[in-house]
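As structure tokens, the structure follows; a few thoughts come after it.
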There are 2 protein chains.
Amino acid sequence: MNRRGDAATDEGTPTEPVGPSPTGAAGPSRPTSRDVAERAGVSQATVSLVLRDRWRGRVSPPRAEAVREAARELGYRPNLAARRLRSGGTGTILLVVPALTNEFFARVHAGAAAVAAERGMSVVLFPSPEGIGPAPDPFASAGATLDGVIASSMASRALRALRGGGLPLVMLDSDPEGTEAAATVNPDVPEGLRWAGRHLLAAGHRRIVHLAADVDTWTFRERGRALAAELAAAGHPLVGSARAALDVRAAAVVAEALLAARPRPTAVVCDDDVLAAGACKAARRTGLRVPEDLSVTGVDDLALATAVEPELTTVRLPAEEMGGAGMRALLEVLDGDAPGNRVLPVRLVPRGSTGPAPTGPG
Amino acid sequence: MNRRGDAATDEGTPTEPVGPSPTGAAGPSRPTSRDVAERAGVSQATVSLVLRDRWRGRVSPPRAEAVREAARELGYRPNLAARRLRSGGTGTILLVVPALTNEFFARVHAGAAAVAAERGMSVVLFPSPEGIGPAPDPFASAGATLDGVIASSMASRALRALRGGGLPLVMLDSDPEGTEAAATVNPDVPEGLRWAGRHLLAAGHRRIVHLAADVDTWTFRERGRALAAELAAAGHPLVGSARAALDVRAAAVVAEALLAARPRPTAVVCDDDVLAAGACKAARRTGLRVPEDLSVTGVDDLALATAVEPELTTVRLPAEEMGGAGMRALLEVLDGDAPGNRVLPVRLVPRGSTGPAPTGPG
DNA sequence: CTGAAAGCGCTTACAG
DNA sequence: CTGAAAGCGCTTACAG
């Protein structure tokens, strides 16, 4: 007979120094589906059916309700290990991102993990992003067997390594066309960059440059394309552009060169907040004031956007929502549905790093 | 910093799944311990003993080697669900932190998750940090059954909710005395703050103030205490201090007040990089140059430390190592060992936000 | 509509 | 030193 009780009952149990249960399964054992079945006066099979919501047309409503009540009274929670063993699933999803230390991907992960937790699944991060190209088996090195994969912002080259795993794949922030993904979830980055361009145009800026990320992925290509198109359509095309690695210091070096052009640009649109922070750094070194002499915009709305002075005007990407939506899509695929492609809205967050275009010659 | 998505070529890598699929449910079924046993000519029990490294004195060395070889040849990896079901463990560890969005805790989590993965365990984050005080059962709301708990930088009040769970507990960045933790892992924060103080004293600063975190936890109390003691011992005690919430904007407001004192302080030691960024903001608004007029130091070495201009001199805390060491300690507890208390070294990273004390009257 | 039974892959007493 | 056997808690055909 299984008991359930609070920790206080532990005091009565003998605790050897080298414990009887080295696995840490302390305390009285939890109620099982057998206990629920007994209490509800049904079989274990009925309990399983009802609790997994597969009972319609197979169990009578009153019995289903009785099962639910018994489960509630007992505080029953299914043993995930048993369920997985029986069902063949592993309960773990691999999240592949290009850089683990990046705050954006940390937020994507948080969003995905939260949704996974609701379903008793867990998320493992791909542990060595550097090795994703030549690694013969990225999945084995993940240290777990997998039910599916979510990949974010990957280069198409790196994506090849993800195929052939035969696992359901959901792509985030990636080309919705031509992938073998079962579903995609994308922030509307083109619209975001258009917002940034319009924001600067409205402030009177006419000499705008683009500090692009030196990363060959769909998301950054789209950013550059959308910005250039928007400005050109307004009759004030980009007057310059350059690429920098996603690193504040590297970006500062490249931005300094961009700012050396004459007439000097009055605004720089950056693909990413990290690049924008680099641009601000460059401005400061060059003796330019932000925003009086130079306006700067970023993308992401990371913590550093409000940490720098002035704070960054930026395009907020819904990182957590992307992770959550991606996980939800993957769960749908696992359930046999075809979720398709989703686009999430983004918004411009105006802050201190942008202002009216300086008047007079540059 | 890692470059996003920039992976080496993977040409030559076979795209077709070869042999037994390492990925689990899809494709041909994975080899089981039974397959290994068959191939090695032993029983399943022997395989289990050998592969879990519990074979000494129970299995002859040649047979043990044969088992290992068979497992290698087959690409055998144990089914975690089966192992957990049998052993009673759940394979999941709860990590409780005060703020999920904080980069420091994200790094602690990464370190813990990496070590956990090596052992086939997974880490769940406490999902609602706000609720940790009054929550009647934080464990149930974690959405999973647990083998143990790691808690970082928690207020003692919040800690009470963690007791009574009856689960093995490892504390990070917390008071090593008087807790019911089985083990603690702490960065040497007092030494870190002493370093900051010495660094400024050596640069000639005599009017130093402390911008403290308005958070009532052991780690921040220790920081203030160590700094005050170090400066007092040198004959140049703190000339002021104030507390601010861990938020750049809030810190800037408080720092402005600190900097209004006359004679003006020449250096501000901050409990955290976020506070230091706020202090830099305040300096800029006040018209003070960093570091010419004011030196600023932080603690953590977050990404923002190098994103701001000038970059922050800071005390680097080994966040990943703490998470990893904490997980290792917890695994030892689970194995029946008593790991005790560990202190991890910290180091001062001098950057542009500190310089020689300004000469002349403040 | 419902229950009895088999079995997922592993670990652990237990008997040799 | 080694193997046969039981069983962890669940889900799923299958037989009523």
Side-chain angles (χ1 to χ4, degrees), chain A residues 1-2 4 19-25 28-67 71 74 76-91 120 144-145 147 335, chain B residues 20 24-25 28-67 71 74-91 120 144-145 147 335:
Chain A
M1 187 63 181
N2 286 314
R4 186 177 86 103
S21 77
T23 49
S29 51
R30 299 161 45 212
T32 70
S33 68
R34 188 188 211 90
D35 297 322
V36 176
E38 201 170 306
R39 183 172 191 116
V42 301
S43 75
Q44 235 184 332
T46 303
V47 171
S48 176
L49 256 17
V50 171
L51 264 23
R52 298 187 51 240
D53 208 25
R54 297 244 184 296
W55 62 277
R56 316 229 159 242
R58 326 244 272 112
V59 178
S60 64
R63 301 199 109 197
E65 182 47 37
V67 168
L74 254 24
Y76 171 71
R77 281 156 63 207
N79 180 315
L80 258 24
R83 173 175 287 178
R84 286 170 190 165
L85 175 57
R86 176 62 234 222
S87 311
T90 65
T145 46
D147 285 347
D335 286 346
Chain B
S29 54
R30 292 194 294 141
T32 69
S33 67
R34 189 187 211 91
D35 298 322
V36 177
E38 202 169 304
R39 182 171 191 116
V42 301
S43 74
Q44 234 184 332
T46 303
V47 171
S48 176
L49 256 17
V50 171
L51 263 23
R52 298 188 51 239
D53 209 24
R54 298 242 183 296
W55 61 278
R56 316 226 160 244
R58 325 245 273 113
V59 179
S60 66
R63 303 198 107 195
E65 181 48 36
V67 167
L74 255 23
Y76 171 72
R77 281 155 63 207
N79 180 315
L80 258 25
R83 173 176 288 180
R84 286 170 191 167
L85 175 57
R86 176 61 234 223
S87 310
T90 65
T145 46
D147 285 347
D335 286 345

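Quick note on labels: first sequence line is chain A, next is B, and so on, each numbered from 1. Source: prediction; values computed, not measured.
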Would you kindly give the [atom1]-to-[atom2] distance between [X] and [N], to the nearest whole Å?
X       : N      : atom1 : atom2 : result
A:Leu51 : D:dT11 : CG    : P     : 8 Å
B:Arg30 : C:dG9  : CZ    : C1'   : 10 Å
B:Glu38 : C:dG9  : CD    : C1'   : 15 Å
A:Arg84 : C:dC10 : CZ    : P     : 16 Å

Original post:
Listed by chain and number, what are the side-chain contact (heavy atoms from CB on, under 4.5 Å) partners of A:Arg86, not counting sequence neighbours?
Top reply: none
Original post:
What does nucleotides 3-8 of chain C look like as a protein-contact string, B for base, S for sugar-phosphate only, - for none, at under 4.0 angstrom between heavy atoms?
Top reply: BB-BBB
Subject >> Which residues share a salt bridge (charged side-chain N to carboxylate O under 4.0 Å, His left out) with A:Asp335, sequence neighbours left out >> reply: A:Arg119
Original post:
CZ of A:Arg52 to OG of A:Ser33: how many Å apart, nearest 0.5 Å?
Top reply: 12.0 Å
Subject >> Heavy-atom side-chain contact between A:Asn79 and A:Thr32 under 4.5 Å >> reply: no
Original post:
Does any non-hydrogen side-chain atom of B:Trp55 lie less than 4.5 Å from one of B:Val67?
Top reply: no
Subject >> Residue pairs fulfilling salt bridge (Lys or Arg N to Asp or Glu O under 4.0 Å) with at least one residue in residues 55-64 of chain A, sequence neighbours excluded >> reply: none
OP1 or OP2 of [N] under 4.0 Å from side-chain N/O of [X]:
X       : N      : result
B:Ser60 : D:dT2  : yes
B:Ser33 : C:dC10 : yes
A:Arg83 : D:dT11 : yes

**OP:** Could you walk me through whether B:Thr90 and A:Leu80 pass the side chain to side chain contact (heavy atoms under 4.5 Å, CB included) test, one step at a time?
**Re:** CA-CA 8 Å; B:Thr90 65; A:Leu80 258 24; over 6 Å; no
**OP:** Under the side chain to side chain donor-acceptor pair (under 3.5 Å) rule, collect the residues that match up with B:Ser43, sequence neighbours excluded.
**Re:** B:Thr46
Subject >> Exercise: identify the closest heavy-atom pair between A:Arg84 and B:Arg84 >> reply: NH1-NH1, 4.3 Å
Original post:
Looking across every strand, which nucleic acid part, if any, lies under 4.0 Å from B:Arg52 by heavy atom: base, sugar-phosphate, or nothing?
Top reply: sugar-phosphate
Original post:
Which dot-bracket string describes DNA chain C (Watson-Crick N1-N3 plus N6-O4 or O6-N4, or G-U N1-O2 and O6-N3, all under 3.5 Å; [ ] crossing; | other strand)?
Top reply: |||.||||||||.|||
